[in-house]
Student: 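Let me give you the structure first, and then I'll get to my questions.
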There are 2 protein chains.
Amino acid sequence: MNTYTYNKSKGEFFLSQNEYVFKKGWIATMDNSNKKDIKKSIVTSVDVARHAKVSQASVSRAFTPDSSMSDKMRTKILKAAHELGYTPNAIARGLISQKTNIIGVVMDNPANPFYSLMLGEFTEKLKESGRQTLLFNAATDAELEHVIRAISGYRVDGIILTIPNRISEFNALGIPLVLFNRRDFDEKISAVCCDNVQSGRLVADYVVDRKYKEIAFMGGLADSSTTIDRRKGFADGLKERGVGKLTEINGDYTFQSGYDATRRLYEKNKNIDAIFCANDLMAIGAIEYIKFGLKKRVPEDVSVIGFDDITEASWPSFDLTTIHQPIKRMITETIRVLDDQIKGEEVKPTINYYNGELVIRKSTK
Amino acid sequence: MNTYTYNKSKGEFFLSQNEYVFKKGWIATMDNSNKKDIKKSIVTSVDVARHAKVSQASVSRAFTPDSSMSDKMRTKILKAAHELGYTPNAIARGLISQKTNIIGVVMDNPANPFYSLMLGEFTEKLKESGRQTLLFNAATDAELEHVIRAISGYRVDGIILTIPNRISEFNALGIPLVLFNRRDFDEKISAVCCDNVQSGRLVADYVVDRKYKEIAFMGGLADSSTTIDRRKGFADGLKERGVGKLTEINGDYTFQSGYDATRRLYEKNKNIDAIFCANDLMAIGAIEYIKFGLKKRVPEDVSVIGFDDITEASWPSFDLTTIHQPIKRMITETIRVLDDQIKGEEVKPTINYYNGELVIRKSTK
DNA sequence: TTGAAAGCGCTACCAA
DNA sequence: TTGGTAGCGCTTTCAA
């Protein structure tokens with residue numbers, strides 16, 4: 001069943017797949033599969049093989065779906081594995097098969113509810129195909145440097161990027177890569193995102209229909225594709241409908257920045273009666289400043305529109321009119337695109353746009 | 001520098017650490033380190049060794065901190081590695097060194113802001129010591145079954161659990177384990193959590209001082225340690241101060257459950273004028289129902305107190321009086337306790353309690 | 001200080 | 001269908 005090698009210098013015998021060392025006298029007991037001999041706390045496939053009296057290769061096969069082996073054999077092995085509490089070592093498996101079943105997810109702001117929702121959904125969805133999420137946070141450039149090395153070191157099967165910086169460096173890793181809720185300006189990298197231009201236009205039409213007089217746009221980080229595209233759709237849409245004037249201000253996608261930017265916005269123009277914010281968190285910040293800082297009413301005095309449709313948007317205190325992103329479909333698509341790349345052939349980069357949908361609530365009149 | 005083996009059956013030479021196969025005629029070109037020979041897209045330490053004309057073992061050493069080698073050698077190797085774009089394979093490293101530098105984090109509700117904040121902080125903190133976060137979501141028992149197998153398969157160096165179920169099964173894995181914001185009722189497993197009993201008493205004292213008449217407690221999942229302990233501290237504290245009557249209701253820690261539970265609470269007792277909720281999300285749900293469902297005022301008609309001090313708690317619309325958990329210190333401590341276990345010797349399980357702190361805002365009068 | 005070689009626990013190939 | 005065996009890319013002795 002197994003072959004043994006005699007090591008002269010140590011006066012010991014080795015199992016051919018060298019796991020246990022048997023002093024000469026022990027050989028007789030080996031075929032009894034004496035459990036006392038097994039002292040290692042971590043059970044390997046060799047342990048299971050010995051216990052079930054089969055080859056190690058068969059143990060491996062028993063844990064490989066779709067591998068052909070007799071039912072009797074598989075049953076025997078799984079029983080032995082269960083008795084010893086064996087779980088295949090995914091690290092060793094990853095090394096030999098060049099496939100770790102780990103997907104790296106890179107985020108810059110885990111506190112943003114939109115991204116934490118996304119992260120949960122990704123983890124859930126990846127689990128369905130037996131894969132795990134390795135999480136990386138990176139806000140600063142120095143952190144990104146580190147993340148790039150780390151994610152490459154772990155030989156992840158694919159990367160999902162939700163950050164706007166250094167995208168090309170991630171791409172240079174040669175690892176399957178999809179941008180989520182972002183797009184590469186050169187369109188050289190696959191991306192799945194909401195059609196921000198179309199969504200911006202949707203808001204423009206709505207705002208013009210409602211006959212607001214003084215309109216404002218609050219962007220997030222000025223050079224992020226989401227802000228650029230949402231602004232573009234909004235401004236273009238307004239212009240086409242004959243509205244030329246647009247007051248602009250920028251935040252950084254956080255609640256606090258939305259709150260503060262609203263103050264600055266009203267210093268610029270105190271007659272603003274409608275604000276379109278590049279995300280919900282800033283929109284909620286805006287509502288809070290309008291109510292508690294300016295002591296004005298929403299929507300009677302000012303209408304506020306957000307983007308994302310996070311859970312908090314539907315809380316009664318805000319009841320935020322916003323653009324809903326079809327996040328579940330976007331995530332399914334992201335994983336599909338990633339899997340196409342993982343499967344192999346050179347896939348040409350595509351950007352998949354999903355239409356945003358205007359959800360009208362009570363923050364607009 | 002390197003030794004070669006001649007394989008008779010194939011008529012080929014092998015490098016001693018068999019990476020490249022050289023047909024007989026190629027040997028002459030090898031010492032020129034002709035880059036054209038290197039066709040593999042993934043660079044290994046053997047590639048770097050050949051490029052720098054050193055042994056593979058030295059390459060490994062060059063990437064091992066604190067290993068002794070000449071500066072000249074290390075410089076040469078790192079330069080070669082840089083030229084080839086080499087990153088050590090963390091999977092192979094993990095296999096041989098039995099240390100993956102991966103910490104598994106298991107959560108049940110990634111949408112809860114308290115846990116997403118926690119996750120971000122953990123990932124950040126672990127990064128400082130060169131470790132990664134492998135994320136697992138598990139709400140149902142079937143999912144937990146899967147998580148236990150997966151987390152064990154990846155041979156994570158340690159596990160941080162934030163879920164209340166099946167704790168002992170995780171412990172049976174024999175992997176360093178710390179509970180965060182939970183405790184094992186048998187106290188057989190190390191845990192780091194807020195002193196929920198003390199915090200509950202803090203709220204009890206506050207509530208009695210403020211002379212509320214009809215007091216309520218809203219728990220989360222009834223058998224979770226957090227709900228049990230927070231309730232105990234609160235109820236005991238009230239009793240000691242001579243308040244015997246306490247109306248109780250349960251949610252499940254979500255916003256919606258807090259909203260709904262408040263309706264049921266007022267069906268039970270329509271004179272409630274103070275509610276202590278087992279977490280902020282339910283407290284915010286309660287405030288929303290009180291304002292928009294009951295059309296009462298907070299805090300004039302009803303005072304609401306939460307637990308966690310999530311970001312949303314300080315938003316002006318809620319301005320929630322709540323118990324602040326020292327989350328950063330708790331996370332640092334969790335990793336320290338985990339590292340003690342990882343370092344080796346049998347550590348006896350300890351539960352580290354951190355005092356909660358009452359943050360008084362405007363949701364109480 | 002450096003190099004040779006063993007082997008971590010698996011998968012996959014080949015032979016039986 | 002089953003078993004033997006060669007590595008995956010590293011770390012870690014041991015020798016030089």
Side-chain angles (χ1 to χ4, degrees), chain A residues 1-5 7 9-10 14-21 40 42-49 52-74 76-77 86-101 153-155, chain B residues 1-5 7 9-10 14-21 40 42-50 52-74 76-77 81 86-101 153-155:
Chain A
M1 175 181 59
N2 276 312
T3 56
Y4 311 102
T5 330
N7 180 321
S9 65
K10 293 186 183 170
F14 291 86
L15 244 171
S16 69
Q17 291 248 354
N18 193 331
E19 168 73 3
Y20 292 106
V21 177
K40 300 198 65 166
I42 291 163
V43 181
T44 73
S45 60
V46 175
D47 297 320
V48 177
K53 297 182 190 295
V54 298
S55 73
Q56 180 274 334
S58 292
V59 176
S60 173
R61 262 183 231 112
F63 282 89
T64 306
D66 308 325
S67 65
S68 75
M69 80 188 309
S70 66
D71 276 1
K72 199 181 133 198
M73 185 84 169
R74 174 165 268 133
K76 183 167 71 177
I77 292 172
Y86 170 71
T87 310
N89 183 328
I91 298 297
R93 181 180 273 180
L95 182 60
I96 183 73
S97 65
Q98 306 284 43
K99 194 159 168 295
T100 53
N101 284 321
Y154 277 95
R155 304 296 192 264
Chain B
M1 176 182 56
N2 274 311
T3 56
Y4 311 103
T5 330
N7 180 320
S9 65
K10 292 185 184 171
F14 291 86
L15 246 171
S16 69
Q17 291 248 353
N18 193 330
E19 166 75 3
Y20 294 104
V21 177
K40 299 201 65 167
I42 292 165
V43 181
T44 71
S45 60
V46 175
D47 297 320
V48 177
R50 277 184 15 128
K53 298 181 189 294
V54 299
S55 73
Q56 178 274 335
S58 293
V59 176
S60 172
R61 265 183 225 112
F63 283 89
T64 306
D66 308 325
S67 65
S68 76
M69 79 190 309
S70 67
D71 275 359
K72 198 180 132 199
M73 184 86 169
R74 174 166 269 133
K76 183 166 73 175
I77 292 171
Y86 169 72
T87 310
N89 183 327
I91 299 296
R93 182 178 272 181
L95 181 60
I96 184 71
S97 65
Q98 306 283 43
K99 192 156 167 298
T100 54
N101 283 321
Y154 278 93
R155 305 295 193 263

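Note on naming: letters A, B, ... go to the chains in the order of the sequence lines (proteins, then strands), and numbering restarts at 1 for each one. In this text the structure is predicted, and so the values were computed from the model without any measurement.
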Student: May I have the distance from B:Ile96 (atom CD1) to C:dA6 (atom C1'), rounded to whole angstrom?
Tutor: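 Nearest whole value for this atom pair: 8 Å.
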Student: Measuring from A:Leu95:CG to B:Ile96:CD1, what's the distance to the nearest 0.5 Å?
Tutor: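 Answer rounded to 0.5 Å: 10.0 Å.
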Student: To the side chain of A:Ala92, which of C:dC10, D:dG3, C:dT1 is closest?
Tutor: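 Selected nucleotide: C:dC10.
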Student: Could you state the atom-to-atom distance from CG of B:Asn101 to P of C:dC8 in whole Å?
Tutor: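 To the nearest whole Å, that distance equals 20 Å.
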Student: Closest nucleotide of DNA chain C for B:Leu95 versus for B:Met73: which of these residues is on the 5' side?
Tutor: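 The 5'-side residue here is B:Met73.
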Student: Are A:Ser58 and D:dT2 close enough that a side-chain N or O sits under 4.0 Å from OP1 or OP2?
Tutor: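 For D:dT2, neither OP1 nor OP2 has a side-chain N or O of A:Ser58 closer than 4.0 Å.
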Student: Start with the C-alpha gap between A:Thr87 and B:Arg155, add the side-chain angles, then the distance that decides, and say whether side chain to side chain contact (heavy atoms under 4.5 Å, CB included) holds.
Tutor: CA-CA 10 Å; A:Thr87 310; B:Arg155 305 295 193 263; 4.3 Å; yes
Student: Return the value, rounded to whole Å, for the distance between atom NZ of B:Lys99 and atom P of D:dT12.
Tutor: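 Rounding to the nearest Å, NZ of B:Lys99 and P of D:dT12 are 10 Å apart.
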Student: Out of curiosity, B:Ile77 CD1 to B:Ser70 OG, how far, rounded to the nearest 0.5 Å?
Tutor: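 Result: 8.0 Å between the selected atoms.
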Student: Could you give the OH-to-P distance, from B:Tyr86 to D:dG9, as a whole number of Å?
Tutor: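 In whole Å, D:dG9 P and B:Tyr86 OH are 10 Å from each other.
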Student: Could you go through the side chain to side chain contact (heavy atoms under 4.5 Å, CB included) check for A:Thr44 and A:Gln56 one step at a time?
Tutor: CA-CA 9 Å; A:Thr44 73; A:Gln56 180 274 334; over 6 Å; no
Student: Rounding to a whole Å, what distance do you find between A:Arg93:CZ and D:dG7:C1'?
Tutor: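 Taking atom C1' of D:dG7 as the reference, CZ of A:Arg93 is at 17 Å.
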Student: So do the side chains of B:Thr100 and B:Tyr154 get within less than 4.5 Å of each other, counting heavy atoms only?
Tutor: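 Not touching, per the 4.5 Å side-chain cut-off.
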Student: Any side-chain heavy atom of A:Gln98 sitting closer than 4.5 Å to one from B:Ile42?
Tutor: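 No. Closest side-chain heavy atoms not under 4.5 Å.
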Student: If the condition is side-chain hydrogen bond (donor to acceptor under 3.5 Å, both in side chains), which residues does A:Asn89 pass it with, not counting sequence neighbours?
Tutor: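 With sequence neighbours excluded, A:Asn89 shows a side-chain hydrogen bond (donor to acceptor under 3.5 Å, both in side chains) to no residue whatsoever.
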Student: With a 4.0 Å limit, can you tell me whether B:Tyr154 has a side-chain N or O closer than that to the phosphate oxygens OP1/OP2 of C:dC10?
Tutor: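 It does not, given that no N or O in the side chain of B:Tyr154 lies less than 4.0 Å from OP1 or OP2 of C:dC10.
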Student: With the threshold set at under 4.0 Å for non-hydrogen atoms, list the residues of residues 60-67 of chain A touching DNA chain C in residue-number order.
Tutor: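 Correct list: A:Ser60, A:Arg61.
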Student: Rounded to the nearest angstrom, tell me the gap between atom NZ in A:Lys76 and atom P in D:dG3.
Tutor: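 Computing the A:Lys76:NZ to D:dG3:P distance gives 7 Å.
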Student: Could you tell me the separation between the CD atom of B:Gln56 and the P atom of C:dG7, rounded to a whole number of Å?
Tutor: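 Distance check: B:Gln56 CD to C:dG7 P gives 16 Å.
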Student: Reckon B:Ser55 has a side-chain N or O less than 4.0 Å from the OP1 or OP2 of C:dG3?
Tutor: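 Result: yes.
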Student: Heavy atoms from C-beta onward define the side chain here; which of D:dT12, D:dT1, C:dT1 lies closest to that of A:Ser70?
Tutor: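 Nearest nucleotide to the side chain: D:dT1.
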Student: Nearest-Å distance, CG (B:Asn89) to C1' (D:dG9)?
Tutor: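 After rounding, the gap between these two atoms is 6 Å.
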Student: Which pairs would a plain distance check flag for residues 58-65 of chain A, meaning a side-chain donor or acceptor within less than 3.5 Å of a matching protein atom at least two apart in sequence or in another chain?
Tutor:
| from | atom 1 | to | atom 2 | distance (Å) |
| --- | --- | --- | --- | --- |
| A:Ser58 | OG | A:Ser55 | OG | 3.2 |
| A:Ser58 | OG | A:Arg61 | NH1 | 3.4 |
| A:Thr64 | OG1 | A:Ser60 | O | 2.9 |

Student: For a quick test of reading the model, state the closest non-hydrogen atom pair linking B:Lys76 to B:Ala52 and the distance between them.
Tutor: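 Between these two residues, the closest heavy atoms are CE-O, 3.6 Å.
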Student: Would you kindly compare B:Met69 and B:Ser97 by the position of their nearest DNA chain C nucleotide and give the one closer to the 5′ end?
Tutor: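 Closer to the 5' end of DNA chain C: B:Met69.
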Student: Does C:dG9 have OP1 or OP2 sitting under 4.0 Å from an N or O in the side chain of B:Gln98?
Tutor: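 For B:Gln98, the contact criterion (side-chain N or O under 4.0 Å from OP1 or OP2 of C:dG9) is met.
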Student: Taking only the side-chain nitrogens and oxygens of A:Ser45, find out if one of them lies under 4.0 Å from OP1 or OP2 of C:dG9.
Tutor: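 Indeed not, no polar side-chain atom of A:Ser45 lies that close.
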Student: Identify all stems in which DNA chain D takes part, counting only runs of at least 3 consecutive pairs (Watson-Crick or G-U wobble, each distance under 3.5 Å), and give each as one range with another, ordered by first number.
Tutor: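 So the stems come out as C:1-16 with D:1-16.
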